[in-house]
Peer 1: 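Take a look at this one; I'll ask things after.
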Amino acid sequence: MSADKLSYPLKMHNTLGLAQTCHTLHEAHCCEELISLSQSAYDGDKPMLVLGGGSNLVFTEDYDGVVIKVLSKGIAVSEDEDHFYLTVQAGESWHGLVEYCLARNMPGLENLALIPGTVGAAPIQNIGAYGVEFCQVCDWVEYQDLSTATLIRLDNTACEFGYRESIFKQQLKNRIVITQVQIKLAKHWQPLLSYGPLQHLEAETVTPQAIFDCVCQVRQEKLPDPQVIGNVGSFFKNPLISAQQYLNLMKQHSDIVGYAQDDSRIKLAAGWLIDQAGLKGTSVGGAAVHKAQALVLINQGNATGENICDLAKKVMAEVEAKFGVKLEPEPRVMGRQGEINL
Ligand code: EPU
């Protein structure tokens with residue numbers, strides 16, 4: 001089923017709640033429909049956008065293109081001696097999948113509870129939270145390559161996952177639609193409790209449900225519910241800097257928050273940098289830096305996409321002026337004809 005409409009409202013389809021419209025919106029209710037709708041939109045003369053939960057998008061103008069809303073559903077489970085394998089359609093809700101696994105005694109996703117968005121969007125920015133990233137549970141990702149009209153399956157390594165990165169954001173950008181993914185969960189479950197707020201849990205006795213509850217509680221305290229206050233989660237990536245730059249910063253800011261990476265670089269907490277720059281609560285029009293978590297920009301009710309972008313630029317400029325560190329935005333910014341730079 002699909003619905004053709006001129007000036008279709010997008011407010012309900014982006015978690016910032018920005019009141020823009022698009023030229024046409026099609027709904028894809030199954031994998032075959034997703035492939036055929038996106039292939040014909042790609043082959044057409046308007047720009048196209050594949051939309052999952054809309055939790056990583058900033059619309060700055062009305063979008064003069066075709067939006068394909070991914071609503072394909074289905075979870076198939078198989079297993080061998082050591083693993084469960086879940087083949088999941090792109091339109092399933094990520095958090096719904098986490099709950100599904102927990103309810104059926106297939107733990108391993110509990111650290112990733114309450115992340116907004118769809119399963120098909122998860123590989124694109126390699127979603128991650130509380131010590132776990134999507135790449136740690138991904139077996140393969142299947143997509144339609146719209147430039148060659150072929151269906152392709154990439155194994156984990158071929159997805160080139162990194163921190164909030166993957167091949168889908170790089171070489172394959174703008175020419176694919178993810179159709180389904182396979183998640184691989186080890187039957188020998190091991191709790192992952194390295195991340196700050198989970199460290200008080202006892203590894204020997206903790207249950208997947210207790211981790212799920214703890215993650216949900218921490219997220220609910222820090223991150224605004226997009227149903228209530230429009231937001232896209234973290235607006236900036238945590239920046240990676242050299243060990244030398246970190247040592248220099250430490251001389252002036254001894255309490256700076258950073259995490260050592262395997263490659264000797266340091267990942268700084270962008271939320272800390274923004275907070276220390278005194279920007280919590282700062283606003284531009286209807287957009288503001290969230291008071292409980294400086295990494296989140298919110299729509300106070302009447303923000304435009306431009307307000308959000310102007311605020312983001314102000315945050316970036318002030319953090320760079322104070323710390324000499326460049327912040328990189330996480331969400332995609334959409335203009336009239338397609339993606340634009342902030
Ligand atoms: N901090 C402050 N002030 C703030 C915010 C944070 O001082 O306003 C400090 C905290 O005290 C903490 C450090 O910064 O010492 C890190 O903060 P937090 O633990 O809240 O995590 P984060 O780095 O802000 C990242 C992810 C989140 C993810 C959490 C938990 C990125 C860009 N963000 O946030 O992901 O939920 O860790 O793992 O990597 C998302 O991508 O949308 C997202 C929410």
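This one's a predicted model, so the numbers in the text were calculated from it and none came from an experiment. Note that ligands are numbered from 1 as they come in the structure, with each ligand's atoms numbered from 1 the same way.
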Peer 1: Heavy atoms only: give me the nearest Cys138-Asn156 pair and the separation to one decimal.
Peer 2: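 Residues Cys138 and Asn156, closest heavy atoms: O-ND2, 2.7 Å.
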Peer 1: Got the closest protein heavy atom to atom 40 (C) of ligand 1, with its distance?
Peer 2: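 Residue, atom and distance for the closest contact: Ser234 OG, 3.1 Å.
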Peer 1: When you check the side-chain N and O atoms of Thr87 and Gln182, is any donor under 3.5 Å from an acceptor?
Peer 2: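 Yes.
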Peer 1: Tell me: protein heavy atom nearest atom 25 (C) of ligand 1, and distance?
Peer 2: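 Of every protein heavy atom, Asn238 ND2, 4.1 Å lies nearest to atom 25 (C) of ligand 1.
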Peer 1: Quick one, Asp62 and Arg336 - any side-chain contact, counting heavy atoms below 4.5 Å?
Peer 2: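 With C-beta onward as the side chain, the pair touches.
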Peer 1: Which of the numbered atoms in ligand 1 are below 4.0 angstrom from a heavy atom of Ala269?
Peer 2: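 So the atoms of ligand 1 that pass are 13 (C), 14 (O), 16 (C).
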Peer 1: Distance check, rounded to the nearest 0.5 Å: Gln39 atom CD versus Met48 atom CE?
Peer 2: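 So the CD of Gln39 and the CE of Met48 are separated by 9.0 Å.
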Peer 1: Quick one: do His26 and Tyr8 satisfy ring-ring contact (aromatic ring centres under 6.0 Å, His included)? Show the steps, please.
Peer 2: CA-CA 10 Å; His26 292 301; Tyr8 194 97; 9.9 Å; no
Peer 1: Starting from atom 3 (N) of ligand 1, find the nearest protein heavy-atom neighbour and note its residue, name and distance.
Peer 2: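 Answer, as residue, atom name and distance: Asp275 OD2, 2.8 Å.
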Peer 1: Can you sort out which atoms of ligand 1 are near Phe236, meaning under 4.0 Å from one of its heavy atoms?
Peer 2: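 Matching atoms, with element in brackets: 32 (C).
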Peer 1: Judged by non-hydrogen atoms, does Glu330 sit under 4.0 Å from ligand 1?
Peer 2: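 The answer is yes, since Glu330 has a heavy atom less than 4.0 Å from ligand 1.
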Peer 1: Which of the atoms of ligand 1 are close to Lys222, meaning less than 4.0 Å from one of its heavy atoms?
Peer 2: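 In order of numbering, the contacting atoms are 18 (P), 19 (O), 20 (O).
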Peer 1: Starting from atom 18 (P) of ligand 1, find the nearest protein heavy-atom neighbour and note its residue, name and distance.
Peer 2: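 The protein heavy atom lying closest is Tyr195 OH, 3.4 Å.
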Peer 1: Return the residue, atom name and 0.1 Å-rounded distance of the protein heavy atom closest to atom 28 (C) of ligand 1.
Peer 2: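 It is Ala129 CB, 3.9 Å.
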Peer 1: At what distance, to the nearest 0.5 angstrom, does CG of Leu16 lie from CG of Leu10?
Peer 2: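 Reported value, rounded in 0.5 Å steps: 12.5 Å.
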Peer 1: Compute whether any side-chain donor of one residue and acceptor of the other, for Asp145 and Thr150, lie under 3.5 angstrom apart.
Peer 2: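 Judged by distance alone, the side chains do not pair up.
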Peer 1: Hey, which atoms in ligand 1 end up nearer than 4.0 Å to a heavy atom of Gly233?
Peer 2: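 Those of ligand 1 that fall under 4.0 Å from Gly233 are 42 (O).
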Peer 1: Taking Tyr259 as the starting point, is it possible to reach Leu268 by hopping between hydrophobic residues whose side chains are less than 4.5 Å apart?
Peer 2: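 They do share one cluster, since a chain of ILVMFWY contacts under 4.5 Å joins Leu268 to Tyr259.
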Peer 1: I need the minimum non-hydrogen distance between Pro224 and Ile229, along with the two atoms involved.
Peer 2: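 For Pro224 versus Ile229, the nearest heavy atoms are CB-CB, 4.0 Å.
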Peer 1: Got the closest protein heavy atom to atom 6 (C) of ligand 1, with its distance?
Peer 2: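 Its nearest protein heavy-atom neighbour is Gln293 OE1, 3.7 Å.
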Peer 1: Can you tell which part of Arg219 has a heavy atom less than 4.0 Å from ligand 1: side chain, backbone, both or neither?
Peer 2: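 Only the side chain of Arg219 comes within reach of ligand 1.
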Peer 1: So for ligand 1, is Ala294 a polar contact partner (N or O within less than 3.5 Å, distance only)?
Peer 2: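 Yes; the residue has a nitrogen or oxygen that sits under 3.5 Å from a nitrogen or oxygen of the ligand.
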Peer 1: If we check salt bridge (charged side-chain N to carboxylate O under 4.0 Å, His left out) with Glu330, which of these qualifies: Lys237, Lys169, Arg164?
Peer 2: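 Filter result, single survivor: Arg164.
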Peer 1: Starting from atom 35 (O) of ligand 1, locate the nearest protein heavy atom and write down its residue, its atom name and how far away it is, to 0.1 Å.
Peer 2: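 It is Arg164 NH2, 3.0 Å.
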Peer 1: Judged by non-hydrogen atoms, does Lys280 sit under 4.0 Å from ligand 1?
Peer 2: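 Right, Lys280 reaches ligand 1.
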Peer 1: Measure from atom 31 (C) of ligand 1 to every heavy atom in Trp272, Tyr259, Tyr163 and give the option owning the shortest one.
Peer 2: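 Ranked by closest heavy atom to atom 31 (C) of ligand 1, first place is Tyr163.
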Peer 1: Answer yes or no for atom 11 (O) of ligand 1: protein heavy atom present at a distance under 4.0 Å?
Peer 2: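 There is no protein heavy atom less than 4.0 Å from atom 11 (O) of ligand 1.
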Peer 1: From the options Ile274, Asn231, Leu223, Val296, select the one residue that forms a side-chain contact (heavy atoms from CB on, under 4.5 Å) with His290.
Peer 2: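 Between His290 and the candidates, side-chain contact (heavy atoms from CB on, under 4.5 Å) is satisfied uniquely by Val296.
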Peer 1: How far is atom 22 (P) of ligand 1 from its nearest protein heavy atom, and which residue and atom name does that atom have?
Peer 2: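 The closest heavy atom on the protein side is Leu295 CD2, 3.9 Å.
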Peer 1: So, Asp213 and Gln217: side-chain donor and acceptor under 3.5 Å apart, yes or no?
Peer 2: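 Per modelled atom types, Asp213 and Gln217 side chains form no pair under 3.5 Å.
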Peer 1: Output yes when the distance from some N or O of ligand 1 to some N or O of Lys237 is under 3.5 Å, and no in every other case.
Peer 2: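 Checking ligand 1 against Lys237, no N or O pair falls under 3.5 Å apart.
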